[in-house]
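See below for the structure under consideration.
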Amino acid sequence: MNTALLYHLLDVDPADGPAELLHRARGSRHLPHLVLSALAREDVRMGEPARAELRRARARADRYAGLAHDLARSTGVRAIHGLPLAGYYPADLLRPQAALDLVAPGEAALWQAVVRLVTDHPVETVDVTLLGDRPHHTAVTVRWPAEDPLLDPWYRVSLATAALPGNCVTVPVRPYLVADEHVECLIALAESQLVDGRHPEAGAPPAAPDPLALLDLSCLTDQPFEPAETAAVLAAYRLAPEAAALLDLAAPLLPLGTLAAVRTALTPELAPERRRRAEAAAAPRLPVRHGTLLRRTVIRHTWDEARLLGTADSHGGALLLTPVADYLLGAPDASPTPADRSTALDALHQWDTHC
């Protein structure tokens, strides 16, 4: 990877120079830190404010790596997507990392990790979402301020009991990733296109390329992908269209190496997956329930899992009591009314009284 690719992906004329490249990067998903590290790699002159920003960004990346290592050792959760992809970047290039993404082997491990984070860091928000009904998967995101909250993004750690959440419509939750790490990273890149709404429909024009996804892909092109096996794995994870579209976008920009053969092997997988999605679109949506915070609690160290109280149907309305906070569940795009909150708090009071 070199700065020429950055100029191209960010649509900057190299004649406009590093300042314009950095200016354009500031509007694109934390890419300034990657651009700063690429410029520092080429000994481009920069002032102390830029160097200080880069040092803070490197410290943030190191802190995420340390968190992932400590939580893996103590709770069994492991890093997926961003942190493993960063390992394929050259050592002096800083991959943008808006969040640390972790997958837990079960709900107990997830809450153990959340408790550790809440105990060890000045966590200000803990967001909870349940995917599915019975059984369901749990996703939690915790946030706390950076050392300089006016200049740097907050720390964000996302944990889930499912490695790949899908789109809750035509691509289901897939709980586990069982592949070589470089194949797993390719799966994560394809999934990110699905989550970002970039998944292609038959006959639709390709979406605009995501610069970060293409930069990530450029770091995987020299990995030993086995074309037929990789295509079969992507198809099994329901991601053949996204992977093919991403490789098609990258082909004019990057030497794809063995990924070119992976793209060829994906071709017969596209039509069956699109037919499957068309059929799945007629089925009921996967229930998604978001937790509205009712109260933070003293940490319930003896709880291994969260507890659902009340009627837990696909429309929400139940209470979710977790080891760190209590929530009213509802649809992601709906806010509870004051009456809903009052009723929920009364139910919590009754629970407290009898338990």
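Heads up: numbering here begins at 1 and tracks the sequence. Bear in mind that the values here come from a model prediction, so they are computed numbers and not experimental data.
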Check whether any side-chain heavy atom of L234 sits under 4.5 Å from a side-chain heavy atom of I187, and report yes or no.
yes
Salt-bridge present (E273, R276; N to O < 4.0 Å)
yes
Under a 3.5 Å distance rule, please check whether T337 uses its side chain to pair with a backbone N or O of D340 as donor and acceptor.
yes
Given side chains that start at C-beta, do those of H121 and V142 come closer than 4.5 Å, heavy atoms only?
no
Could you tell me whether the side chain of E181 reaches within less than 4.5 Å of the side chain of Y88, counting heavy atoms only?
yes
Out of curiosity, does L5 fall in the hydrophobic cluster containing V12 (side-chain heavy atoms, cut-off under 4.5 Å, transitive links)?
yes
Looking at D326 and R300, is any side-chain nitrogen of the basic one under 4.0 Å from a carboxylate oxygen of the acidic one?
yes
Got a second to check how far L254's CG is from L9's CG, nearest 0.5 Å?
7.5 Å
Shared hydrophobic cluster for V169 and L239 (ILVMFWY, side-chain gaps under 4.5 Å)
no
Side-chain heavy-atom pair L308, H136 within 4.5 angstrom cut-off:
yes
Any side-chain donor near an acceptor of the partner, S74 and R116, under 3.5 Å
yes
Heavy-atom nearest pair, A79 first then L100, reads CB-CD1, 4.5 Å
The reported gap from CG in L217 to CG in L212 (rounded to nearest 0.5 angstrom) is 11.0 Å
Please check: side-chain N/O of R24 versus main-chain N/O of L10, any donor-acceptor pairing under 3.5 Å?
yes
Quick check: is W154 connected to V126 through a chain of hydrophobic side chains (ILVMFWY, heavy atoms under 4.5 Å apart)?
no
Can you find a pair of side-chain heavy atoms, one from T3 and one from V44, that are under 4.5 Å apart?
no
So do D120 and L67 actually touch side chain to side chain, heavy atoms under 4.5 Å?
no
Between V115 and Q112, is there a side-chain heavy-atom distance shorter than 4.5 Å?
no
Could you go step by step and tell me if H8 and L214 meet the side-chain contact (heavy atoms from CB on, under 4.5 Å) rule?
CA-CA 11 Å; H8 184 87; L214 293 176; over 6 Å; no
Please round to the nearest 0.5 Å and tell me the distance separating atom CG of L215 and atom CG of L93.
9.5 Å
Looking at every non-hydrogen atom in both residues, tell me the closest pair between A344 and L328 and how far apart they are.
CB-CD1, 4.2 Å
Counting only heavy atoms from other residues, nucleotides and ligands, does the tally under 6.0 Å from CZ of R295 exceed 12?
yes
So, taking the atom named CG in L34 and the one named CZ in R41, what distance separates them when rounded to the nearest 0.5 Å?
10.0 Å
Could you grab the distance from atom CZ of R238 to atom CD of E269, nearest 0.5 Å is fine?
10.0 Å
Establish whether W144 and L71 are linked, either directly or via other cluster members, by ILVMFWY side-chain heavy-atom contacts under 4.5 Å.
yes
In the structure I gave you, are the side-chain heavy atoms of R174 and E191 within less than 4.5 Å of one another anywhere?
yes
Y64 and Y155 aromatic ring geometry - parallel, tilted or perpendicular at 30°/60° bounds
perpendicular
E279 bridged to R275 by N-O distance under 4.0 Å:
no
Checking the side chain of S342 only, and the main-chain atoms of P338 only, is there a donor and an acceptor separated by less than 3.5 Å?
no
Nearest heavy-atom approach of A265 to P227 is CB-O, 3.8 Å
When every non-hydrogen atom of V118 is compared with those of V324, the smallest separation belongs to CG2-CG1, 4.2 Å
Short question: side chain of N167, backbone of V171 - any donor-acceptor pair under 3.5 Å?
yes
List the steps and the verdict of side-chain contact (heavy atoms from CB on, under 4.5 Å) for E53 and R56.
CA-CA 5 Å; E53 181 179 355; R56 293 196 307 273; 4.1 Å; yes
Verify, without hydrogens or angle tests, whether R289 (side chain) and G132 (backbone) share a donor-acceptor contact under 3.5 angstrom.
yes
Calculate, to the nearest 0.5 Å, the distance between atoms OG and CD belonging to S192 and E242 respectively.
9.5 Å
Using every non-hydrogen atom in the two residues, find where D92 and S37 come nearest and quote the distance to one decimal.
O-CB, 3.7 Å
Electrostatic pair E124-R296, nearest N-O below 4.0 angstrom:
no
Between I299 and Y327, is there shared hydrophobic-cluster membership here, with clusters defined by ILVMFWY side-chain heavy atoms closer than 4.5 Å?
yes
Is E147 salt-bridged to R55, going by a charged N under 4.0 Å from an acidic O?
no
Under 3.5 Å: donor-acceptor pair, side chain of T161, backbone of T138
yes
Apply side-chain contact (heavy atoms from CB on, under 4.5 Å) to residues V233 and L186 and explain how you reach the verdict.
CA-CA 10 Å; V233 170; L186 183 60; over 6 Å; no
Apply side-chain contact (heavy atoms from CB on, under 4.5 Å) to residues L131 and T129 and explain how you reach the verdict.
CA-CA 7 Å; L131 303 175; T129 299; 4.2 Å; yes
Could you tell me whether a side-chain N or O of T221 sits under 3.5 Å from a main-chain N or O of L259, the two making a donor and an acceptor?
no
Taking all atoms of both residues into account, what is the closest heavy-atom pair of L36 and M46, and its distance?
O-CE, 3.7 Å
Answer yes or no: does atom CD of E305 have more than 12 heavy-atom neighbours from other residues, nucleotides or ligands under 6.0 Å?
yes
So does H182 get a backbone contact from the side chain of D180, meaning a donor-acceptor N/O pair under 3.5 Å?
no
Using the side-chain hydrogen bond (donor to acceptor under 3.5 Å, both in side chains) rule, take T343 and D346 through it: C-alpha gap first, then chi angles, then the decisive distance, then the call.
CA-CA 5 Å; T343 300; D346 287 344; 5.6 Å; no
